[in-house]
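Chain naming here is simple, since letters A, B, ... match the order of the sequence lines and numbering starts at 1 in each.
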Amino acid sequence: MIKRLTRKFFVRPTLEVAKDLLGKFLVRKYKNKILAGKIVETEAYIGPQDKASHGYKMKRTKRNRAEYLIGGHVYIYLVYGMYWQLNISTEKRGLPRCVLIRALEPVIIEENQKSKNKKLTSGPGKLCRYLKLDKSFYGEDLTKSKRIWIEDRGIKIKKSEIVARPRIGIDYAGKYWANKKWRFYIKGNLFVSKK
DNA sequence: GTACAGATTGAG
DNA sequence: TCAATCTGTACT
């Protein structure tokens, strides 16, 4: 059973969406080919109270406006001048909340190639490069787009398989927010980003 | 206008 | 351990 995730899936509490995205498939159509990967690691950013969120205190800039869209839209931006970060907006319009996709497990894959493919998608910057994502996807609607969407292929991740840990690279937000366990990944999965 | 640092990565 | 290199923000 394969079905595309609808608006309803994304318009729910951000922490639930972040956990439920584990085991779903991110699908990208590129030059008539399908690139897909199972989502194995996510992080939740919950503005306006979350100090690590770009929408802290409802801050709005040209770059982060997509974070305020209703759940199911792409919020993609450049960090460190070279890497794209793929986020998906959540909840209702006007709230700066989103889920960062941190790692995928590529679908293609012969078993003996696993170690080689690992470095393709085991990090937020790498998976965007792998899926050929860039600014042209800014604000794309995942429930309607013909070139990127998310599918439920019937895989169910048990609660006992989900690990919750502090988010990565946000020490600037202070101990309180940096220690929140809003990073989720599938226990034991090889493609989860390192650290 | 200038200075600075960030939701990262890979090389040394 | 550090450089690569773009963008928003906080200054001058």
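The separation between Leu120(A) atom CG and dT9(B) atom C1' is 14 Å, rounded to whole Å. Remark: P of dG10(B) and CG of Leu127(A) are 12 Å apart, rounded to the nearest angstrom. Whole-Å rounding puts the Asn87(A) CG to dT8(B) P distance at 11 Å. Taking atom CZ on Phe191(A) and atom P on dT9(B), their separation rounds to 15 Å, with Å as the unit.
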Please tabulate, for the side chains in residues 151-164 of chain A, all donor-acceptor contacts under 3.5 angstrom to protein atoms that are two or more places apart in sequence or on a different chain.
unit_1	atom_1	unit_2	atom_2	d
Glu151(A)	OE1	Arg153(A)	NE	2.8
Glu151(A)	OE1	Arg153(A)	NH2	3.1
Glu151(A)	OE2	Trp149(A)	NE1	3.0
Asp152(A)	OD1	Gly154(A)	N	2.7
Glu161(A)	OE1	Lys158(A)	N	2.8

Enumerate donor-acceptor pairs with a distance under 3.5 Å from any side-chain N or O in residues 25-39 of chain A to protein atoms, sequence neighbours excluded.
unit_1	atom_1	unit_2	atom_2	d
Arg28(A)	NE	Leu131(A)	O	2.7
Arg28(A)	NH2	Lys132(A)	O	3.0

With B for base contact, S for sugar-phosphate-only contact and - for none (protein heavy atoms under 4.0 Å), nucleotides 4-9 of chain C reads BBBSSS

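Taken together through direct or relayed side-chain contacts under 4.5 Å among Ile, Leu, Val, Met, Phe, Trp and Tyr, Val192(A) and Leu190(A) form part of one hydrophobic cluster. Cluster annotation: Ile101(A) and Val79(A) are assigned to the same hydrophobic cluster (Ile/Leu/Val/Met/Phe/Trp/Tyr, side-chain heavy-atom contacts under 4.5 Å, transitive).
Within residues 42-52 of chain A, the residues that have a heavy atom under 4.0 Å from DNA chain B are, in order of number, Tyr45(A), Ala52(A).
Remark: Arg129(A) is not in phosphate contact with dT9(B), judged by side-chain N or O atoms under 4.0 Å from OP1 or OP2. Distances shorter than 4.0 Å separate none of the side-chain N or O atoms of Lys194(A) from OP1 or OP2 on dT8(B).
Considering only residues two or more places apart in sequence or on other chains, Tyr130(A) meets the ring pair (Phe, Tyr, Trp, His ring centres under 6.0 Å) condition with none of them. By the salt bridge (charged side-chain N to carboxylate O under 4.0 Å, His left out) test, Glu43(A) pairs with Arg102(A), sequence neighbours left out. In this structure, the side-chain hydrogen bond (donor to acceptor under 3.5 Å, both in side chains) partners of Glu140(A), at least two apart in sequence or on a different chain, are Ser145(A), Arg147(A). In this view, Asn64(A) and His54(A), Arg60(A), Thr61(A), Glu67(A), Tyr68(A), Tyr75(A) satisfy the side chain to side chain contact (heavy atoms under 4.5 Å, CB included) rule, not counting sequence neighbours. In this view, Lys144(A) and Arg7(A), Asp141(A) satisfy the side chain to side chain contact (heavy atoms under 4.5 Å, CB included) rule, not counting sequence neighbours.
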N/O to N/O distances under 3.5 Å, protein versus nucleotides 1-5 of chain B:
none

Which protein N or O atoms sit under 3.5 Å from an N or O of nucleotides 1-3 of chain C?
none

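Remark: the separation of the C1' atoms in dT7(C) and dG10(B) is 23 Å, to the nearest Å.
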Note, DNA chain C 5' to 3' with Watson-Crick or G-U pairs under 3.5 Å encoded as ( ), [ ], | and . gives ||||.||||||.

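At a threshold of 4.0 Å, the pair Arg12(A)-Asp20(A) counts as salt-bridged, since one of the basic side-chain nitrogens sits closer than that to a carboxylate oxygen. Between Asp134(A) and Arg129(A), none of the side-chain N atoms (NZ, or NE/NH1/NH2) sits under 4.0 Å from a carboxylate O, so this pair counts as no salt bridge.
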| said: Could you walk me through whether Ser193(A) and Glu41(A) satisfy the side-chain hydrogen bond (donor to acceptor under 3.5 Å, both in side chains) test, starting with their C-alpha distance in whole Å, then the side-chain angles of each, then the deciding distance to 0.1 Å, before giving a yes or no? | reply: CA-CA 8 Å; Ser193(A) 66; Glu41(A) 183 179 357; 3.0 Å; yes

